[in-house]
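Step one of this worksheet: look at the structure below.
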Amino acid sequence: MNPARAWFESRSLRERRLIAVMVVLLVLTLIWAAVILPVRNGLSSSRARYTDAVVRLGAAQSGLTQVKSLQRRGPTALGGSLADVVRARADAAGFALASLDVVAPDQVRTSITSARAGALMRWVAGLEQEGILVDSLSVTGSGAGSVTAQLSLRQRGE
């Protein structure tokens, strides 16, 4: 340390002031780079994660409200057998069912060879609002904007 002190003391007053200012600026830069910048970036990242979490919470609560309202309504009387109701709803929506197999009195499997994806999803959503639940749904693109679908449907029970 003595050689550095001796070197510093051998400088003129103006040089010593410039070196002192340089050292202060160096220390401030190191503090900014090592402490302030990482903390600021961490806070920004945590704010973004918090906002994302709030949005996901709102969506989950909305979905929960919808599920609870469906549960309160109870089972819906379809006005016929499940197979007949599915066939009638498909005809009304303009879908030609390639097959419709009754698995159980409250469950059917069906396939649609050609449909527009958006129209198919609206039809499925309409079925679910009427009390017909989708156990499984497999949708495959068949080109030219149409899809094929295999569905396993069942009537909502108690």
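These values consider heavy atoms only, across backbone and side chains, with no hydrogens, waters or symmetry-generated copies.
Under the side chain to side chain donor-acceptor pair (under 3.5 Å) criterion, no residue pair touches residues 13-39, with sequence neighbours excluded. Applying the side chain to side chain donor-acceptor pair (under 3.5 Å) test to residues at least two apart or on different chains, the pairs with a partner in residues 45-59 are S45-R49, D52-R56. Contacts classified as side chain to side chain donor-acceptor pair (under 3.5 Å) and involving residues 87-104 (residues at least two apart or in different chains) are given here: R89-E130, S99-S111.
Q107 meets the side chain to side chain donor-acceptor pair (under 3.5 Å) test with D135, S152; sequence neighbours excluded.
L153 and L137 fall within a single hydrophobic cluster, where Ile, Leu, Val, Met, Phe, Trp and Tyr side chains are chained together by heavy-atom contacts under 4.5 Å. Neither V124 nor V103 shares a network with the other; the hydrophobic side chains, linked directly or stepwise wherever heavy atoms of I, L, V, M, F, W or Y lie under 4.5 Å apart, form separate groups for each. In this structure, V23 is a member of the same hydrophobic cluster as W7, with clusters built from ILVMFWY side-chain heavy atoms closer than 4.5 Å.
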List the steps and the verdict of side chain to side chain contact (heavy atoms under 4.5 Å, CB included) for Q150 and V139. CA-CA 7 Å; Q150 289 77 36; V139 179; over 6 Å; no
Mind running side chain to side chain contact (heavy atoms under 4.5 Å, CB included) on I132 and Q155 for me, showing each step along the way? CA-CA 5 Å; I132 300 172; Q155 183 175 358; 5.7 Å; no
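A distance of 8.0 Å separates CG in D106 from CZ in R154, rounded to the nearest 0.5 Å. One finds the CG atom of N41 at 12.0 Å from the CD1 atom of I36 (value rounded to the nearest 0.5 Å). Here the straight-line distance linking atom OG1 of T110 with atom CG of L151 works out to 6.5 Å at 0.5 Å rounding. The distance from atom CG of L82 to atom CG of L127, rounded to the nearest 0.5 Å, is 9.0 Å.
Annotation for L64: hydrophobic cluster partners, listed by chain and number, are none (ILVMFWY side-chain heavy atoms under 4.5 Å, direct or chained).
Residues R40 and S44 fail the side-chain proximity criterion, which asks for heavy atoms closer than 4.5 Å.
In terms of heavy atoms, I19 sits closest to F8 at CG2-CE1, 3.9 Å. L100 and A83 make their closest contact through CD2-O, 3.4 Å (heavy atoms, listed as atom of the first residue, atom of the second, distance).
Side chain of T65 to backbone of Q61: a donor-acceptor contact under 3.5 angstrom is found.
Residues S81 and D84 bring a donor and an acceptor atom of their side chains to less than 3.5 Å of each other.
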Sequence neighbours left out, cut at 3.5 Å: what donor-acceptor pairs do the side chains of residues 112-119 make with other protein atoms?
| residue | atom | partner | partner atom | Å |
| --- | --- | --- | --- | --- |
| R116 | NH1 | A144 | O | 3.1 |
| R116 | NH1 | G145 | O | 3.1 |

